[in-house]
Amino acid sequence: MMEGAPAQASSVHRVRVVLPYHLRNLARVGSEIELEIAGTVTVRTVVDAVEARYPMLEGTIRDHVTKERRPFLRFFACQEDLSHDSPDAELPGEVAEGKEPLLIVGAIAGG
């Protein structure tokens, strides 16, 4: 590697993602998927990778046009709610290292 070059930019991370039941059924996958993410691991890069690998999920996690999270889905990692963080915020190292999954959870509403 060249001196002074950022190590993160050329890194490939194996990231684990847990999808909610209805999205697992749509994608025909088990409870957890594993994706390769090049560079910085963020919610945006993970969802981009999910949608690229499972095109049938495009628009189910975030809006087609605005790319904003769907209202009844939440993002969690390392026991923290990341739903209102910037989608470009770097995810915890445990997620980037594959030790902890990014959880995409269907929110429950009722009254």
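Atom set for the values below is all heavy atoms of this structure, side chains included, hydrogens, waters and symmetry mates excluded.
Taking every heavy atom of both residues into account, Leu82 and Ala77 meet most closely at CD1-CB, 3.6 Å. When all heavy atoms are compared, the tightest approach of Gly106 to Leu73 is CA-CD2, 3.9 Å. Residues Met56 and Ala27 approach most closely at SD-CA, 3.8 Å, considering heavy atoms. Looking at every heavy atom in both residues, Leu35 comes nearest to Ala49 through CD1-CB, 4.0 Å. Scanning all heavy atoms of the two residues, the minimum distance from Thr40 to Thr45 falls at O-OG1, 3.2 Å. The nearest pair of heavy atoms linking Cys78 to Val95 is SG-CG2, 4.4 Å.
The number of heavy-atom neighbours closer than 6.0 Å to CD of Glu34, taken from other residues, nucleotides and ligands shown, is above 12. Counting non-hydrogen atoms of other residues, nucleotides and ligands closer than 6.0 Å to CD of Glu32 gives a total above 12.
Residues meeting the side-chain hydrogen bond (donor to acceptor under 3.5 Å, both in side chains) test with His22, sequence neighbours left out: none. Remark: Glu58 pairs with Glu51, His64 by the side-chain contact (heavy atoms from CB on, under 4.5 Å) rule, at least two apart or across chains. Every residue meeting the side-chain hydrogen bond (donor to acceptor under 3.5 Å, both in side chains) condition with Asp81, not counting sequence neighbours, appears here in chain and number order: Arg74, Ser83. Partners of Lys67 according to the side-chain hydrogen bond (donor to acceptor under 3.5 Å, both in side chains) rule, which considers only residues two or more places apart in sequence or in another chain, do not exist here.
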_Working note: Asp85 + Val43, criterion side chain to side chain contact (heavy atoms under 4.5 Å, CB included); need CA distance, chi angles, decisive distance, verdict._
CA-CA 9 Å; Asp85 291 0; Val43 167; over 6 Å; no
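Annotation for Val65: hydrophobic cluster partners, listed by chain and number, are none (ILVMFWY side-chain heavy atoms under 4.5 Å, direct or chained). Hydrophobic cluster membership for Leu103: Val18, Phe76, Val105 (Ile, Leu, Val, Met, Phe, Trp, Tyr linked by side-chain heavy atoms under 4.5 Å, directly or transitively).
The closest side-chain heavy-atom distance from Pro87 to Thr42 is not below 4.5 Å. Taking the side chain as every heavy atom from C-beta outward, Leu19 and Leu57 approach each other to under 4.5 Å. Glu90 has its side chain out of reach of Val41: every pair of non-hydrogen atoms, C-beta onward, lies at least 4.5 Å apart.
Interatomic distance, Ile37 CD1 to His13 NE2, rounded to the nearest 0.5 Å: 9.0 Å. Here Arg69 contributes atom CZ and Ile61 contributes atom CD1; the two are 12.0 Å apart, rounded to the nearest 0.5 Å. In this structure, the separation between CD on Glu80 and CD on Glu100 is 11.0 Å, given to the nearest 0.5 Å. A distance of 6.0 Å separates CG of Leu91 from CG of Leu102, quoted to the nearest 0.5 Å.
Under a hydrophobic clustering in which Ile, Leu, Val, Met, Phe, Trp and Tyr are joined whenever their side-chain heavy atoms come within less than 4.5 Å, directly or via other members, Ile33 and Leu26 fall into the same cluster.
Listed for the Arg16 side chain is a donor-acceptor partner under 3.5 Å among the backbone atoms of Gly98.
A salt bridge does not link Glu68 to Arg62: none of the charged nitrogens lies less than 4.0 Å from a carboxylate oxygen.
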